[in-house]
Number of protein chains: 2
Amino acid sequence: MEVSEIYKCIADPQRLRIINLLEVGPLCVCHMQEILEVPQVKMSKQLSSMKQLGLLEAHREGTWMIYKLVDPVEGLITANLCYLREAACGECSQLQRDLTKRKKLILKVTKIENDCPQEVCEQIACC
Amino acid sequence: MEVSEIYKCIADPQRLRIINLLEVGPLCVCHMQEILEVPQVKMSKQLSSMKQLGLLEAHREGTWMIYKLVDPVEGLITANLCYLREAACGECSQLQRDLTKRKKLILKVTKIENDCPQEVCEQIACC
DNA sequence: CAGATATATACTAAATATAGTATATACTGT
DNA sequence: ACAGTATATACTATATTTAGTATATATCTG
C-alpha cells in the first residue's frame, strides 16, 4: 500500500471516520451506518474501496458483514489517528463523538440481544 | 485549514516532496524544480494551490520567488513528516534523497555565488 | 418456497483534479 | 527601451472521484 493511497483514503472525512471506528474494533455495516448517519450505498461503496485497497477485511455473520482493519494496522494510520484524537479541531472532535456513539450503541445492542457480556461483545464487534 | 484538505494536499507525492523540502527551510522555485525534476508549470501550479490553501507563503527576491511553510507549521504536517522520514518505503526514501539533493545543491550554489556562509545560506534559502 | 433484512453492484450524471501548451507578468542588466 | 530569466496564469483536454437511483445477491425466518 502506497503512502499516497493511504492519504487519499483518509482525505475523505467519512472514510476517516470509518477507520477511526474500526481502529477500536470490528463493526458491522449497519451499525457504522447508524453512527455516521450516511446512506447505505455510500457506506457500502466506501467500505469496498477500502477493502480493495487492502486496508480493511470483512467476513459474513448471518446477514451482517463485519468489517475490521487488516492486521497489523498500517503504522501511518495509527500515527494519524493518534494525533487526531488528541488534536482540537472540528473533524477531530467528530471522531471523539463517533467513538462515544459507538460505545453507547454497543451497550444498547448487547442489552437487546441480552446476555452477551460486554467484553466479549467488544471483541466480536456487533454481538 | 481542514484536516481533510491537508491530507488531500499530501496525498499527491509531488506536493508531499515539496512540503518535505520546505520543512527544512525556504527555497526558491527554480531550485525545487531542479531537485524534483518536474516541469515548471506543474511546480508553479502546485505551489500556488498550496499557498491558496494557507500552507505556504512566498516573497519575491529579484526574479526569484522564495517559498516557505507558513509559521507555525501545521502540527499534522510535522507529525507526518516525522513519521515518514523514519519509515521504510519507496516514497519515504525519496524524501530522504530529496533532502540530500537539497543540501548538495545549496552547497554548490553558495560556492558559485561565493562567500555566502553556509549557515546564512541555509537561513535565507537560495542565497 | 415467499417475504424480510442486510449488503453489494451496475449504471449514469455531475463534480473535481490533473496535465499540457501557449501566453503573460515581473524583474534584472545593458 | 530591449533582451533575458524566473515565475504565474488562461485555456483546454482528459482523467478521476463522487453521488444517486435502481437492481441484484445472500441469508434468515416462517
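In what follows, every chain begins at residue 1, and chains take the letters A, B, ... in the order their sequences are listed. Remember, predicted model here, so these are calculated numbers, not experimental data.
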**Item:** Whole-Å distance separating the CG atom of A:D12 from the C1' atom of D:dT18
**Value:** 9 Å
**Between P of C:dA19 and CE of B:M43, the distance in whole Å** = 13 Å
Name every donor-acceptor pair, under 3.5 Å, that has one atom in a side chain of residues 76-85 of chain B and the other anywhere in the protein, sequence neighbours excluded.
from, atom 1, to, atom 2, distance (Å)
B:T78, OG1, B:E74, O, 3.2
B:N80, OD1, A:Y7, OH, 2.6
B:N80, OD1, A:N80, ND2, 2.9
B:N80, ND2, A:N80, OD1, 2.9
B:N80, ND2, B:L76, O, 2.8
B:Y83, OH, A:L76, N, 3.2
B:R85, NE, B:N20, OD1, 2.9
B:R85, NH1, B:E23, OE1, 3.0
B:R85, NH2, B:N20, O, 3.2
B:R85, NH2, B:N20, OD1, 3.1
B:R85, NH2, B:E23, OE1, 2.9

**Prompt:** Just wondering, do B:V3 and A:C89 contact through their side chains at under 4.5 Å, heavy atoms?
**Reply:** yes
**Item:** Minimum-distance nucleotide to A:S44 side chain [options: D:dA8, D:dA6, C:dT7]
**Value:** C:dT7
**Asked** Which sits closer to the 5' end of DNA chain C, A:L47 or B:K45, going by the nucleotide each is nearest to?
**Response** A:L47
**Request:** Respond yes when some side-chain nitrogen or oxygen of A:R15 is under 4.0 Å from OP1 or OP2 of D:dT17, and no when none is.
**Result:** no
**B:S49 (side chain) donor-acceptor with B:Q46 (main chain) under 3.5 angstrom** = yes
**Prompt:** Counting distance only, does the side-chain N/O of A:K51 pair as donor-acceptor with the main-chain N or O of A:E57 below 3.5 Å?
**Reply:** no
**Item:** Nearest-angstrom distance from the residue atom CD1 of A:I66 to C1' of D:dT27
**Value:** 14 Å
**Prompt:** What's the closest nucleotide to the B:V29 side chain, out of C:dT7, D:dT7, D:dA10?
**Reply:** D:dT7
**Asked** Quick one: does A:E37's side chain have a donor or acceptor within less than 3.5 Å of a partner on A:E34's backbone?
**Response** no
**Asked** Counting side-chain heavy atoms from CB outward, which of C:dC27, D:dT7, C:dA22 is closest to B:R60?
**Response** C:dC27
**Item:** Nearest-angstrom distance from the residue atom CD of A:E34 to P of C:dT5
**Value:** 15 Å
**Request:** Side chain of B:T63 only, please: which of C:dC27, D:dT7, D:dA26 is the nearest?
**Result:** C:dC27
**Fill in**
When B:M65 and A:Q40 are each assigned the nearest nucleotide of DNA chain D, the 5'-most assignment goes to B:M65
**Phosphate-side-chain proximity, A:Y67 and C:dA8, N/O vs OP1/OP2 below 4.0 Å** = yes
**Between D:dT7 (C1') and B:M32 (CE): distance, integer Å** = 11 Å
**Fill in**
Picking from D:dT7, C:dT7, C:dA17, the nucleotide nearest the side-chain atoms of B:K8 would be C:dA17
**Item:** Between C:dA8 (P) and A:L56 (CG): distance, integer Å
**Value:** 11 Å
**Prompt:** For B:H59 and D:dT7, what is the distance between atoms NE2 and P respectively, to the nearest whole Å?
**Reply:** 12 Å
**Prompt:** Separation of A:Q52 atom CD from C:dT9 atom C1', in whole Å?
**Reply:** 13 Å
